[in-house]
Amino acid sequence: MLEKIEQLMQEIAALHAKNAQEAEALRIKYLSKKGEISQLMNDFRSVPAELKKEVGMKVNELKNLAQEKINALKEGAAGTDATGAGSVDLTRTPYPIQLGSRHPLTIVKNEIVDIFSRLGFTLAEGPEVEDDWHVYSSLNFADDHPARDMQDTFFVESHPDIILRSHTSSVQSRVMEKTQPPIRILCPGRVYRNEAVSARAHCFFHQIEGLYVDKNVSFTDLKQVLLLFAQELFGPDTKIRLRPSYFPFTEPSAEMDVSCSICGGKGCSMCKGSGWLEILGCGMVDPAVLDANGIDSSVYTGYAFGMGIERITNLKYQVKDLRMFSENDVRFLDEFTSAR
Ligand code: PHE
């Protein structure tokens with residue numbers, strides 16, 4: 001009898017079932033009233049008294065094993081039909097897959113980076129928490145320049161020399177102090193200014209800065225590169241116009257307008273009827289800036305330009321409120337899933 005139990009144990013441990021029907025058939029074979037284990041129970045009467053205890057324990061063990069095994073087979077087979085195929089309905093319409101999207105500012109930044117990288121510009125980055133030297137002094141800002149004022153710059157309390165950069169021009173300085181020309185870099189990044197947050201101003205925003213320093217770099221080169229950039233970004237019919245301006249670190253300096261991409265220059269609410277949209281500041285790097293950053297201004301010249309990424313994104317996508325860029329409302333972000 002012990003042998004028979006041992007043999008059934010092995011048999012049951014090796015059982016498998018392709019589907020629920022097969023599992024049920026096994027239950028009947030082993031566990032039903034006329035099943036093999038019940039038969040064994042009948043034979044139990046003829047076991048000699050001194051062996052009853054041992055055999056009884058073994059029979060119980062066998063019964064438990066069979067129950068567990070067959071339950072497990074039933075569970076494993078649940079959801080399969082008589083053919084053994086899964087109950088998954090392969091013809092059902094799937095749930096829509098929620099695709100993420102890039103942030104509109106990233107989309108536009110990437111587009112700008114793409115255009116300039118085709119012209120040989122490489123990326124450079126610098127810290128957002130900066131020192132006064134890299135943000136202002138090395139860029140020819142006089143000690144009493146109004147941009148250093150509390151109105152504009154965020155200072156780190158008790159360390160008036162440590163500030164949040166208010167423009168990406170600080171990266172120009174960081175690169176020039178380490179590298180000799182030719183330098184051709186593009187610096188995207190976040191900048192901070194002490195402004196009240198509203199639909200039209202924010203205390204942080206994003207800029208992208210370009211710098212080219214080499215022998216014989218001229219204002220004509222700057223103008224040509226900016227024209228190409230504007231036409232790549234806003235379309236081949238785009239015109240540019242440069243208006244004289246002032247920045248401490250460039251001389252001469254200019255502000256660039258592009259012909260309005262909405263009305264084509266005829267005048268609309270976007271360009272306030274003028275037909276032109278201001279998009280960036282630029283100029284020839286002031287020789288004093290080259291010298292302050294270890295580049296010989298008697299040998300090299302350079303140009304620089306800088307623009308706000310929010311401003312360009314607003315023009316491309318007509319986003320009316322700057323705050324939408326930092327609120328992460330999915331209804332707003334979802335509108336950009338089809339963009340690059
Ligand atoms: N840094 C200037 C700004 O924040 C932009 C600029 C960059 C102008 C480079 C000229 C050259 O407004």
Side-chain angles (χ1 to χ4, degrees), residues 101-119 121 166-169 186-193 195 197-210 222-245 247 253-283 303-329 331-340:
S101 59
R102 286 198 200 284
H103 193 280
L105 294 177
T106 309
I107 295 170
V108 171
K109 181 198 80 179
N110 287 350
E111 207 172 323
I112 298 170
V113 170
D114 259 17
I115 297 170
F116 283 105
S117 59
R118 276 184 260 137
L119 297 169
F121 285 79
S166 56
H167 56 178
T168 42
S169 305
L186 207 58
C187 330
R190 183 173 290 174
V191 300
Y192 301 82
R193 290 187 193 175
E195 305 246 11
V197 175
S198 71
R200 318 199 62 212
H202 211 294
C203 58
F204 65 79
F205 56 99
H206 300 79
Q207 288 189 330
I208 194 158
E209 186 100 2
L222 171 63
K223 210 174 153 185
Q224 202 55 39
V225 160
L226 292 180
L227 174 63
L228 185 128
F229 163 66
Q231 294 184 336
E232 288 286 309
L233 195 65
F234 294 109
D237 298 328
T238 309
K239 294 180 193 58
I240 62 166
R241 144 179 119 167
L242 293 167
R243 286 177 289 104
S245 184
F247 300 103
S253 305
E255 254 155 321
M256 185 175 96
D257 300 339
V258 291
S259 52
C260 180
S261 51
I262 312 290
C263 62
K266 285 189 208 71
C268 66
S269 64
M270 196 71 178
C271 58
K272 300 198 183 76
S274 72
W276 294 96
L277 301 162
E278 183 190 319
I279 66 158
L280 58 78
C282 60
Y303 64 66
F305 54 86
M307 66 195 102
I309 301 178
E310 277 81 351
R311 167 96 182 130
I312 310 251
T313 310
N314 284 350
L315 297 179
K316 282 193 77 103
Y317 295 108
Q318 278 115 62
V319 178
K320 294 277 181 311
D321 189 329
L322 269 182
R323 289 169 290 195
M324 300 187 84
F325 289 126
S326 47
E327 278 168 0
N328 284 334
D329 184 331
R331 288 168 303 179
F332 170 67
L333 298 176
D334 268 353
E335 290 184 32
F336 298 90
T337 30
S338 59
R340 285 197 291 165

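Values below: every heavy atom of this structure, side chains too, minus hydrogens, waters and symmetry copies.
- Atom CZ of Arg200 has 12 or fewer heavy atoms from other residues, nucleotides or ligands within 6.0 Å.
- Annotation: the span from Ile312 atom CD1 to Leu233 atom CG amounts to 6.0 Å, rounded to 0.5 Å.
- Under the 3.5 Å distance criterion, the side-chain polar atoms of His103 are matched with a main-chain donor or acceptor of Phe325.
- Taking CG of Leu315 as the reference point, atom CE of Met270 lies at 4.5 Å (rounded to 0.5 Å).
- Between the side chain of Arg311 and the main chain of Ile279, no donor-acceptor pair closer than 3.5 Å is present.
- Nearest approach of Ile262 to Cys268, heavy atoms of both residues: CB-SG, 4.0 Å.
- Summarising the geometry of Leu322 relative to Ala201, their closest heavy-atom pair is CD1-N, 3.5 Å, with the distance given to 0.1 Å.
- Aromatic pair Tyr317/Phe336: centroids less than 6.0 angstrom apart.
- Nearest heavy-atom pair, Asn314 versus Val319, reported as atom, atom and distance to 0.1 Å: OD1-O, 3.2 Å.
- No more than 12 heavy-atom neighbours from other residues, nucleotides or ligands sit within 6.0 angstrom of CZ on Arg331.
- When all heavy atoms are compared, the tightest approach of Cys271 to Gly275 is SG-N, 3.2 Å.
- In plain terms, the two heavy atoms of Ser169 and Glu209 that are nearest each other are OG-OE2, 2.7 Å.
- One finds the NE2 atom of His202 at 14.0 Å from the CZ atom of Arg193 (value rounded to the nearest 0.5 Å).
- When Leu280, Asp257, Val258 are each tested for a side-chain contact (heavy atoms from CB on, under 4.5 Å) with Ile240, only one passes: Val258.
- Shown here is Lys316, whose NZ atom has more than 12 heavy atoms of other residues, nucleotides or ligands within 6.0 Å.
- Two rings, from Phe305 and Phe116, have their centers less than 6.0 Å apart.
- Listed for the Ser259 side chain is no donor-acceptor partner under 3.5 Å among the backbone atoms of Gly265.
- If you take CZ on Arg241 and CD on Glu278, they are separated by 9.5 Å, rounding to the nearest 0.5 Å.
- Under the 3.5 Å distance criterion, with hydrogens and angles disregarded, a donor-acceptor pair is assigned to the side chains of His206 and Glu310.
- Distance check, rounded to the nearest 0.5 Å: CZ of Arg102 to CG of Asn110 gives 6.0 Å.
- The backbone N or O of Pro188 sits nowhere less than 3.5 Å from a side-chain atom of Thr168 that would complete a donor-acceptor pair.
- Between Ser245 and Glu255, the closest heavy-atom pair is OG-OE1, 2.9 Å.
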Check against side-chain contact (heavy atoms from CB on, under 4.5 Å), Phe229 and Met307: CA-CA 12 Å; Phe229 163 66; Met307 66 195 102; 3.6 Å; yes

Trace of the side-chain contact (heavy atoms from CB on, under 4.5 Å) decision for Leu277 with Cys260: CA-CA 6 Å; Leu277 301 162; Cys260 180; 4.1 Å; yes

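- Gln231 places a side-chain N or O within donor-acceptor distance of the main-chain N or O of Thr238, the cut-off being under 3.5 Å.
- Listed for the Lys109 side chain is no donor-acceptor partner under 3.5 Å among the backbone atoms of Ile208.
- Between the CD1 atom in Ile309 and the CG atom in Leu105 there is a gap of 7.0 Å [rounded to 0.5 Å].
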